[in-house]
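Right, one structure below, let's go through it.
Note that this is a predicted model, so its numbers are computed, not measured.
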Amino acid sequence: MGTKTHAPPRFTVDAREGTVAGPGGAVRLEPKVMEVLTVLSSHSGRVVSRDELLETVWPNVIVTEHTLSRCIYQLRHELGKIGGEPGRADYNPIETLPKRGYRLLANIETLSAEFSSAPRGHISEVPAIPFVVGQWVRGDRFYGREAQIEEIFEGHRNCIWLLGTRRIGKTSLLKQLEHIAETSRERRYFPIFWDFQGAETADELHLNFGDALLDADERLERIGLDIKEVEAEDLFVSLERLRRGLRARKLRLLLLCDEVEELIKLHKQDPALLRKLRHAMQSREDIRTVLASTIRLWALADEKEDTSPFLHGFTPPLYIERFSNEEASALIEQSHLVGAERPRFAEGVVEAIRGHCDNHPYLVQLVCKRYLETGRLEEAIEQVATDRMVSYFFSVDFGMLSDAEGNIIQMIARQSVVTSNSIREEISLGPDALEGTLRRLENLGFIRSNTEREFVLANYFFRRWLREMQDDTTPADTPALPVVATANEDLVLHAVAERSTGGLFAELKRRNVFRVGIVYAVVAWVLLQIGEIVFGFLEVPTWAGKLLIVFLALGLPVALVLAWAFELTPEGVKRESDIDHSETATRRSGRKLDLIIIAILAMAVVFFVVDKFFWTSG
């Protein structure tokens, strides 16, 4: 290849003007393409991951990987045009390392001051802000999770499933486990971080494992194991070679698997592959496997055609929950820093951030970052509440829930506080099933309970998003979800829209629509009986009776619509949207309607008896 026999060409970059000059001429680059070049060049020939490029060039903006691929293509094309020399027509300025990222194969002579002052990427970043949002961390920057780490390293289980919502820190926990295993010889684990993302076929799964071996190449060399001794054309042969090589060195394989939801697609294509994979992960004592995923992976727990589903042996899951108060405070105060490096917060701000975020690590860091940028807590909270990325993550997490779980959360959103008994009245679940569902929602961080087992939604931002979704209104300052969502994301968001209409029967019951319908039917019957007597006494034409029936029939849907839109309260009739949706208020209105129904039925019975026995006898 040309890059092996020739020195990389030298380019002169003028970032202020957006131009690049090389041996074959000069070109002008688009702003984002120039930023990608700047980030690649700042790493001095090292590999830059796609995630780092996306986060640095497009901070706090949701874009697909296609956008980055287009920039890489344009950069290759433009540098290739001006970097060529005689005998170098095949020059490729950017090397792609599958599943790892990109590496710039060129010498950058100069950068304008605008970019050289921030060699790591985006010029608007404030280096003094220590919070890492949207990227995994490990080492000193990693906080919390001591219980999970202890369970994984010291527990008796060799097959562990880490379960949590998006952005709760699953990848960071895997990376911290990798870091601890690398730096702690007494544990005698050799970690392999295996990212399943994009593995839609068996070959791609094998390729991803090959990438994981390449990432561990230097560590394998240090223990005297050549990667060529491990690599094989068959995935399971490669896994077995790695296990045996480590066992010969008195090491255990710690397999850290991320984005394991990809196995759902693989299972549909080749169920036998997952059976072999589970056997490879579980059949030996010298392998400890950790899977990390969202609740989507539950689909592999009860596959009907499998006598032994993939997750058998990995359940029950080890939940990745919100931080404790101590862990969240350490994260906010960045306790690993010293002196002036630590961020400064006004009195009461730390507690306010923890309270609004309910100790969710992603939300905590995002609010902290915005607070340090704006200097005002209220503005930082509002920015996060209207952040389309935050709304998107809530949409995806909520869309993964079961119908029963979604209905319970919507019920809590309407009533603010609920109990197990009030949930059971509206949602058909047995006591054990309901208790398990509530426990899972708590473990996932959607709800929390007090000592009296009253349930509320977990954090301010999720409550606000859910209520806005239920009202089917979006504030003017809340941007819509980005149009660049992928096809899978569109399906999830479509499921969320359908979920918002769930629990219709329970909502009709809560708004007393059924009771109003019964009252209307009884009153209509009484009016028809009275009309029959009065019309006969006054010798009214028969068409009048028919007209009364038509009017009463047309009035029924009107009454039901009014029952849906309004509610009877101690202060009178009010619009549904203007009242307090508390359990007490709803039941009080229902009891009033029950008394009205009983009174009207009693009057009807009296009228029937008088009509049947007294007026007829007379």
Fill in: Close side-chain approach of Phe446 to Leu401, heavy-atom, < 4.5 Å
yes

Item to complete: Decide yes or no on side-chain contact (heavy atoms from CB on, under 4.5 Å) for Thr315 and Trp298, but give the supporting numbers first.
Response: CA-CA 10 Å; Thr315 54; Trp298 275 116; 4.1 Å; yes

Worksheet item: Can you name the salt bridge (charged side-chain N to carboxylate O under 4.0 Å, His left out) partners of Arg157, sequence neighbours left out?
Response: none

Discussion item. Can you list everything that forms a side-chain hydrogen bond (donor to acceptor under 3.5 Å, both in side chains) with Ser293? Sequence neighbours excluded, please.
Written reply: Trp161

Worksheet entry | Check: Arg167 side chain, Phe393 main-chain N or O, donor-acceptor pair, under 3.5 Å | no

Response to the item:
Taken to the nearest 0.5 Å, the spacing of Leu68 CG from Arg50 CZ works out to 5.0 Å

Fill in: side-chain contact (heavy atoms from CB on, under 4.5 Å) between Arg249 and Phe190, intermediate numbers included
CA-CA 10 Å; Arg249 292 158 177 80; Phe190 189 92; over 6 Å; no

Fill in: Side-chain ion pair, Glu442 and Arg453, N-O less than 4.0 Å
yes

Worksheet item: Where is the tightest heavy-atom contact between Asn459 and His356, given as atom of each residue plus distance?
Response: CB-O, 3.4 Å

Discussion item. Looking at Thr38, is its backbone amide N or carbonyl O close enough to the side chain of Ser41 to form a donor-acceptor pair, meaning the two atoms are under 3.5 Å apart?
Written reply: yes

Practice prompt. Drop me the distance from Ile287's CD1 to Arg247's CZ, to the nearest 0.5 angstrom.
Written response: 10.0 Å

Item to complete: Look only at the side chain of Ser49 and the backbone of Gly101, and say whether a donor-acceptor pair between them is shorter than 3.5 Å.
Response: no

Practice prompt. Output, in order, the C-alpha distance, side-chain angles, deciding distance and verdict of side-chain contact (heavy atoms from CB on, under 4.5 Å) for Leu253 and Asp286.
Written response: CA-CA 6 Å; Leu253 174 59; Asp286 44 12; over 6 Å; no

Discussion item. Please check: side-chain N/O of Arg288 versus main-chain N/O of Ile152, any donor-acceptor pairing under 3.5 Å?
Written reply: yes

Worksheet item: Aromatic rings Phe394 and Trp465: how do their planes relate, parallel, tilted or perpendicular, breaks at 30° and 60°?
Response: tilted

Worksheet, complete the sentence: So the salt bridge (Lys or Arg N to Asp or Glu O under 4.0 Å) pairs with at least one residue in residues 326-336 (sequence neighbours excluded) are none

Could you list the donor-acceptor pairs under 3.5 angstrom formed between side-chain atoms of residues 137-145 and any protein atom two or more places apart in sequence or on another chain?
from: Arg138; atom 1: NH1; to: Glu178; atom 2: OE1; distance (Å): 3.2
from: Arg138; atom 1: NH2; to: Glu182; atom 2: OE1; distance (Å): 3.2
from: Arg141; atom 1: NH1; to: Pro130; atom 2: O; distance (Å): 2.7
from: Tyr143; atom 1: OH; to: Ser335; atom 2: N; distance (Å): 3.1
from: Tyr143; atom 1: OH; to: His336; atom 2: N; distance (Å): 3.2
from: Tyr143; atom 1: OH; to: His336; atom 2: ND1; distance (Å): 2.5
from: Arg145; atom 1: NH1; to: Glu321; atom 2: O; distance (Å): 2.4
from: Arg145; atom 1: NH2; to: Ile168; atom 2: O; distance (Å): 3.0
from: Arg145; atom 1: NH2; to: Glu321; atom 2: O; distance (Å): 3.1

Worksheet item: Considering residues, nucleotides and ligands other than Glu378, do more than 12 of their heavy atoms fall under 6.0 Å from its CD?
Response: yes

Worksheet item: So which heavy atom on Ala380 is nearest to which on Val367, and how close?
Response: CB-O, 3.9 Å

Worksheet item: Would a 4.5 Å heavy-atom cut-off, applied to side chains only, mark Cys159 and Met281 as touching?
Response: no

Worksheet item: Residues two or more places apart in sequence or in another chain: which of them pass salt bridge (charged side-chain N to carboxylate O under 4.0 Å, His left out) with Arg448?
Response: Asp358

Worksheet entry | Reported OG1-to-CZ distance for the pair Thr165 and Phe462, which is rounded to 0.5 angstrom | 10.0 Å

Worksheet item: Are Leu291 and Phe310 close enough that some pair of their side-chain heavy atoms sits under 4.5 Å apart?
Response: yes

Worksheet item: How are the rings of Tyr362 and His360 set relative to one another: parallel (under 30°), tilted (30 to 60°) or perpendicular (over 60°)?
Response: perpendicular

Discussion item. As a test of understanding, state which of Val36, Ile72, Leu75, Val48 forms a side chain to side chain contact (heavy atoms under 4.5 Å, CB included) with Tyr102.
Written reply: Ile72

Worksheet item: Where do Glu262 and Ala199 come nearest, in terms of heavy atoms and distance?
Response: CB-O, 3.9 Å

Worksheet item: Under 3.5 Å, side chain of Glu261 to main-chain N/O of Thr294, donor-acceptor pair present?
Response: yes

Worksheet item: Less than 4.5 Å apart, any side-chain heavy atom of Leu37 and any of Leu79?
Response: yes

Item to complete: Enter the distance from Thr289:OG1 to Leu256:CG here, rounded to the nearest 0.5 Å.
Response: 9.0 Å

Worksheet item: With a 4.5 Å heavy-atom cut-off, do Leu300 and Val260 have their side chains touching?
Response: no

Practice prompt. For residues Ile412 and Leu457, report the shortest heavy-atom separation together with the two atoms involved.
Written response: CG2-N, 3.6 Å

Worksheet entry | Test item: Glu204 side-chain N/O and Glu200 main-chain N/O as donor-acceptor pair under 3.5 Å | yes

Worksheet, complete the sentence: On a heavy-atom basis, the closest approach of Ala413 and Arg467 is O-NE, 3.3 Å

Item to complete: State the OH-CZ distance between Tyr189 and Arg252, to the nearest 0.5 angstrom.
Response: 3.5 Å

Worksheet item: Hey, is the main chain of Pro191 close enough, under 3.5 Å, to the side chain of Arg219 for a donor-acceptor pair?
Response: yes

Discussion item. With heavy-atom distances below 4.5 Å as the criterion, would you say the side chains of Phe193 and Asp215 are in contact?
Written reply: no

Discussion item. With rounding to the nearest 0.5 angstrom, report the CD1 to SG distance, Ile192 to Cys257.
Written reply: 10.5 Å

Practice prompt. Without swapping roles, check the side chain of Asp387 against the backbone of Gln383 for a donor-acceptor pair under 3.5 Å.
Written response: no

Item to complete: Begin with the C-alpha distance, continue with both residues' side-chain angles, and end with the deciding distance and a verdict on side-chain contact (heavy atoms from CB on, under 4.5 Å) for Phe455 and Leu441.
Response: CA-CA 10 Å; Phe455 298 93; Leu441 290 175; over 6 Å; no

Worksheet item: Side chains of Met400 and Val396: closer than 4.5 Å at any heavy-atom pair?
Response: yes

Worksheet item: Does Glu382 come within less than 4.0 Å of Arg464, counting only side-chain N to carboxylate O?
Response: yes

Fill in: Minimum side-chain heavy-atom gap Arg243-Glu240 below 4.5 Å
yes

Practice prompt. Taking all non-hydrogen atoms of both residues into account, name the closest pair between Tyr460 and Ala385 and its distance.
Written response: CE2-CB, 4.4 Å

Discussion item. Could you work out, with salt bridge (charged side-chain N to carboxylate O under 4.0 Å, His left out) as the rule, every residue matching Glu95, not counting sequence neighbours?
Written reply: Arg103

Discussion item. With side-chain hydrogen bond (donor to acceptor under 3.5 Å, both in side chains) as the test, pick out the partner of Thr171 among Asp258, Asp51, Asp195.
Written reply: Asp258

Worksheet entry | Sidechain-backbone polar pair: Lys32 side chain, Val57 backbone, donor-acceptor under 3.5 Å | yes

